[in-house]
Participant: 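Can you keep this structure in mind? I'll have questions shortly.
To find a chain, count down the sequence lines: A is the first, B the second, and so on, and within it residues start at 1. Because the structure is predicted, anything quoted here is derived from the model rather than measured.
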Amino acid sequence: MIVAIASGKGGTGKTTVAVNLARLLGGGVHLLDCDVEEPNDHLFLPGTNGAAEPVTLPVPEVDQQRCDACGACSDFCAYHAIVSFGIKPLVFPELCHGCGGCALVCPRQAIREVPRRIGEIRTVEAGGVTLVQGRIDVGVPSSPPLIRAVRARAPAQGMTLVDAPPGTSCPVVAAVRGADLVVLVTEPTPFGLHDLELAVALVRELGIPCGVVINRAGSGDDRVHAFCRREGLPILAQIPDDRRIAEACSRGRLVVEALPEYEPLFRQLSGRVTHFAPTQRC
Amino acid sequence: MPERRVQTAPAGGARRTGIRELVVISGKGGTGKTSVAAALAVLAERPVVADCDVDAADLHLLLSPRVEARHGFRAGHEAVIDGGRCLGCGECFRLCRYGAIERTAGPAGGAACVVDPLACEGCGVCVRFCPAGAIAFPERTCGEWMVSRARTGPMVHARLGVAAENSGKLVSLVRQEARRLAAAEGRTTVIVDGPPGIGCPVIASLTGAAQVLVVTEPTVAGEHDLARVLALAGHFDIPAAVCVNKWDINPQMTWRIEDAAAAAGARVVGRIRHDPGVTAAQLRQLTVVETGTACAEDVRALWRQLGFANPNEE
């Protein structure tokens with residue numbers, strides 16, 4: 001079972017929910033940190049670090065001898081990553097999506113694809129939790145290829161949690177696509193509600209069942225609750241607005257360890273997630 | 001994707017027109033970036049405001065803009081297979097590197113291919129190599145952008161379609177429009193609310209800006225993410241300033257972050273206290289400097305420290 005933890009708005013507590021759930025589930029659970037621009041799960045789940053494995057994207061390399069500057073590659077490239085104005089083409093690797101089209105359309109077979117590093121994957125064994133972390137290199141604009149590489153590490157069997165990036169655009173789709181359940185973490189504020197509405201629209205578009213965790217419950221108003229009722233979204237847990245939780249998280253502590261009185265709350269969430277009826281649709 | 005770097009307006013170009021952009025970003029999400037950006041927009045003299053967090057835009061919830069013009073945002077293309085002409089040969093399935101082609105049973109019982117629009121990256125490989133010429137490649141509508149009047153003056157904002165691509169291009173468009181409005185109305189300050197992370201919409205938000213303000217929080221995650229976002233600002237050679245929001249949640253961590261920020265070459269420009277009044281202001285659709293809650297004085301001090309008030313002094 002793959003459970004993705006996502007949110008439209010950033011900083012609502014996705015990572016808090018993901019790492020505490022992973023700790024409670026234990027027993028071989030995989031946690032995939034797909035927030036590859038700013039991965040944070042490892043800060044809460046220290047463990048034995050595996051070697052970093054580089055992740056690459058195939059980008060074009062032009063054989064200057066064979067190229068006759070016909071411009072076919074440049075005309076084809078949808079991303080302007082290979083450009084030729086009557087001269088031999090220039091490659092802008094940071095714009096390349098690695099589709100391979102330029103090499104296919106080149107009539108002189110003058111383009112070959114070479115791997116370009118975009119980031120790395122690190123596997124951490126953290127007390128019963130296998131944490132797979134993607135980390136995009138600073139300055140690399142496009143994260144979906146790395147996110148897909150992290151997602152490919154989900155084992156065929158057993159429980160996998162995915163910590164998704166914030167937002168509602170292509171990186172979130174790459175992280176969440178194919179999950180069995182999406183847990184949307186939000187907060188009861190106007191920003192939280194607005195971004196939850198967007199996230200629900202995204203999850204519905206993908207056709208995945210979802211439930212909501214309301215973090216910092218009590219800090220704002222009840223419009224998020226009303227929205228969930230109206231839309232038939234199950235509220236899986238409410239985490240109170242407790243400054244001690246914020247302080248524990250600020251130090252990289254797990255809530256279930258630093259504040260054991262909250263363990264039952266996360267245990268209940270874990271039970272609801274594990275036994276989420278697949279017929280419940282968003 | 002961001003604009004190609006050679007095409008983006010360099011800081012020098014911006015200075016020639018007298019327009020300076022302050023881009024507020026955070027690395028980690030939810031640190032209070034939008035609340036700070038909105039408050040700075042209220043403090044700034046005749047600003048233009050641009051919301052570049054296009055896939056979870058929230059600034060309008062504080063600045064109550066009245067939309068004056070709405071434009072569709074089209075970017076890129078998407079592959080669409082004509083089921084009537086598809087031979088089911090699977091060539092597209094073999095060539096697609098994004099797993100965007102699904103093979104299904106066709107109407108006549110044979111195989112047929114369909115494109116999953118959420119996975120299609122619009123590269124056009126399948127379109128070019130389909131032996132039956134069965135794949136169309138229409139332009140894709142990815143969202144919309146708006147020019148509005150907010151309490152603070154002109155505001156440009158956008159809404160990326162759900163699950164859409166090309167957020168970087170939309171960000172570039174929003175910034176370009178904000179600069180154009182500033183020039184047309186003789187305004188010199190553009191306040192940009194940027195997206196979280198360090199990916200393409202962030203890069204598109206900050207290339208060529210006069211100054212980046214990173215709003216972070218005193219947590220292990222805030223510390224970790226700040227290092228990456230400062231590296232990104234350094235990569236594009238943008239001067240960075242840092243402020244720690246909710247600093248009193250963990251004072252030791254605040255000191256550590258401020259030291260690390262200074263060591264990375266950033267200016268430390270202020271601290272904002274943890275204040276439930278921020279959410280209270282949000283519920284009233286106001287900024288903290290308008291409700292006068294406790295942290296408002298911290299934000300005012302931050303604005304003075306940024307030195308953005310009078311561009312002629314620089």
Participant: Please look at P39(A) and chain B and tell me whether the side chain, the backbone, both or neither of the residue comes under 4.5 angstrom of a heavy atom of that chain.
Facilitator: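 The answer is both parts of P39(A).
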
Participant: Does CZ belonging to F129(B) count more than 12 external heavy atoms closer than 6.0 Å?
Facilitator: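 Yes, the 6.0 Å shell around CZ holds more than 12 heavy atoms from other groups.
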
Participant: Look up atom CD in E37(A) and atom SG in C200(B), then write down how far apart they are to the nearest 0.5 Å.
Facilitator: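 Spacing of CD (E37(A)) from SG (C200(B)) equals 8.0 Å.
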
Participant: Quick one: closest heavy-atom pair of P166(A) and P196(B), and the distance?
Facilitator: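 That closest heavy-atom pairing would be CG-CG, 4.0 Å.
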
Participant: Specify which of G220(A), G8(A), P165(A), G101(A) makes the most heavy-atom pairs with chain B at under 4.5 Å.
Facilitator: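 Among G220(A), G8(A), P165(A), G101(A), the one with the most close pairs to chain B is G220(A).
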
Participant: With only heavy atoms counted, which part of P218(B) is less than 4.5 Å from chain A, the side chain, the backbone, both or neither?
Facilitator: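 Backbone of P218(B) only, per the 4.5 Å heavy-atom cut-off to chain A.
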
Participant: Near R284(B) CZ, under 6.0 Å, is it more than 12 heavy atoms from other residues, nucleotides or ligands?
Facilitator: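 No.
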
Participant: Between T219(B), D58(B), V162(B), which has the largest tally of heavy atom pairs under 4.5 Å with chain A?
Facilitator: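 With the most close heavy-atom pairs to chain A, the winner is D58(B).
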
Participant: Using non-hydrogen atoms only, which part of L160(B) is less than 4.5 Å away from chain A: side chain, backbone, both, or neither?
Facilitator: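 The side chain, not the backbone.
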
Participant: If you round to the nearest 0.5 Å, how far is CD1 of I245(A) from CD1 of I249(B)?
Facilitator: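 So the gap between those two atoms works out to 11.0 Å.
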
Participant: If every non-hydrogen atom of V220(B) is compared with every non-hydrogen atom of F44(A), which pair is closest and at what distance?
Facilitator: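 Smallest interatomic distance, heavy atoms only, reads CG2-CZ, 4.1 Å.
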
Participant: What's the shortest heavy-atom distance between Y98(B) and G98(A), and which atoms?
Facilitator: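 Closest approach of Y98(B) to G98(A): OH-C, 3.8 Å.
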
Participant: Check for a donor-acceptor pair, side chain of T168(A) on one end and backbone N or O of D55(B) on the other, with a separation under 3.5 Å.
Facilitator: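 Checking the backbone N and O of D55(B) against the side chain of T168(A), a donor-acceptor pair under 3.5 Å is found.
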
Participant: Let's go through H97(A) and R97(B) carefully: what are the C-alpha distance in whole Å and the side-chain angles of both, what is the deciding distance for side chain to side chain contact (heavy atoms under 4.5 Å, CB included) to 0.1 Å, and is it a yes or a no?
Facilitator: CA-CA 10 Å; H97(A) 286 218; R97(B) 292 189 176 169; over 6 Å; no

Participant: Which region of V173(A), side chain (C-beta onward) or backbone (N, CA, C, O), has a non-hydrogen atom less than 4.5 Å from a non-hydrogen atom of chain B, or is it both or neither?
Facilitator: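 For V173(A), the contact with chain B is made by the side chain alone.
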
Participant: Select one option (side chain, backbone, both, neither) describing which atoms of A57(B) are under 4.5 Å from chain A's heavy atoms.
Facilitator: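 Only the backbone of A57(B) comes within 4.5 Å of chain A.
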
Participant: H274(B) versus chain A, heavy atoms under 4.5 Å apart: side chain, backbone, both or neither?
Facilitator: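 When you check distances to chain A, only side chain atoms of H274(B) fall under 4.5 Å.
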
Participant: Looking only at heavy atoms and a cut-off of under 4.5 Å, which of V176(A), N40(A), L43(A) has the most pairs with chain B?
Facilitator: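 Maximum pair count with chain B is reached by N40(A).
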
Participant: Hey, are the side chains of S35(B) and F191(A) touching, using non-hydrogen atoms and a 4.5 Å cut-off?
Facilitator: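 The answer is yes; the side chains approach within 4.5 Å.
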
Participant: If you count heavy-atom pairs within less than 4.5 Å of chain B, which of D35(A), D241(A), L206(A) leads?
Facilitator: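 Result: the option with the highest number of such pairs is L206(A).
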
Participant: With a 4.5 angstrom heavy-atom cut-off, is it the side chain or the backbone of T31(B) that approaches chain A, or both, or neither?
Facilitator: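 Interface part for T31(B): neither.
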
Participant: For a 4.5 angstrom cut-off between non-hydrogen side-chain atoms, does D116(B) reach R177(A)?
Facilitator: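 D116(B) vs R177(A): side chains touch.
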
Participant: Let's go through L95(B) and L104(A) carefully: what are the C-alpha distance in whole Å and the side-chain angles of both, what is the deciding distance for side chain to side chain contact (heavy atoms under 4.5 Å, CB included) to 0.1 Å, and is it a yes or a no?
Facilitator: CA-CA 10 Å; L95(B) 289 173; L104(A) 289 169; 3.9 Å; yes

Participant: Where do I203(B) and G139(A) come nearest, in terms of heavy atoms and distance?
Facilitator: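 Heavy atoms only, the tightest pair is CD1-O, 3.8 Å.
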
Participant: Can you confirm whether more than 12 heavy atoms, excluding those of R117(A), are under 6.0 Å from its CZ atom?
Facilitator: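 Above 12, so yes.
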
Participant: Checking heavy atoms, do the side chain of R216(A), its backbone, both or neither come under 4.5 Å from chain B?
Facilitator: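 No part of it gets close to chain B.
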
Participant: Can you see which heavy atom on V138(A) is nearest to which on A231(B), and at what distance?
Facilitator: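 Closest approach of V138(A) to A231(B), heavy atoms only: CG1-C, 3.8 Å.
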
Participant: If only atom types and distance count, is the side chain of R228(B) paired as donor or acceptor with the main-chain N or O of I136(A) below 3.5 Å?
Facilitator: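 Checked: pair present.
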
Participant: How many angstroms lie between CG in N250(B) and SG in C249(A), if you round to the nearest 0.5 Å?
Facilitator: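 Between atom CG of N250(B) and atom SG of C249(A) there are 11.5 Å.
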
Participant: With a 4.5 angstrom heavy-atom cut-off, which part of D53(B) approaches chain A: side chain, backbone, both or neither?
Facilitator: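 Contact with chain A: none, neither part.
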
Participant: Count the heavy-atom pairs under 4.5 Å between each of T189(A), V36(A), V172(A), V140(A) and chain B, then report the option with the highest count.
Facilitator: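 Top option by heavy-atom pairs under 4.5 Å: T189(A).
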
Participant: Is atom CZ of R74(B) surrounded by more than 12 heavy atoms (other residues, nucleotides or ligands) closer than 6.0 Å?
Facilitator: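 No - once you tally the heavy atoms of other residues, nucleotides and ligands closer than 6.0 Å, there are 12 at most.
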
Participant: Highest number of heavy-atom pairs under 4.5 Å with chain A: which of L283(B), V229(B), D225(B), T279(B)?
Facilitator: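 It is D225(B).
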
Participant: Most heavy-atom pairs under 4.5 angstrom with chain B, which of R223(A), E205(A), K14(A)?
Facilitator: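 The candidate making the most pairs under 4.5 Å is E205(A).
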
Participant: Going through the checks in order, is the side chain to side chain contact (heavy atoms under 4.5 Å, CB included) test met by R159(B) and L198(A)?
Facilitator: CA-CA 10 Å; R159(B) 188 176 178 135; L198(A) 298 174; 3.1 Å; yes

Participant: What part of A164(B) lies closer than 4.5 angstrom to a heavy atom of chain A: side chain, backbone, both or neither?
Facilitator: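 The backbone, not the side chain.
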
Participant: If you count heavy-atom pairs within less than 4.5 Å of chain B, which of G13(A), C99(A), G10(A) leads?
Facilitator: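 Going by pairs under 4.5 Å, I would pick C99(A).
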
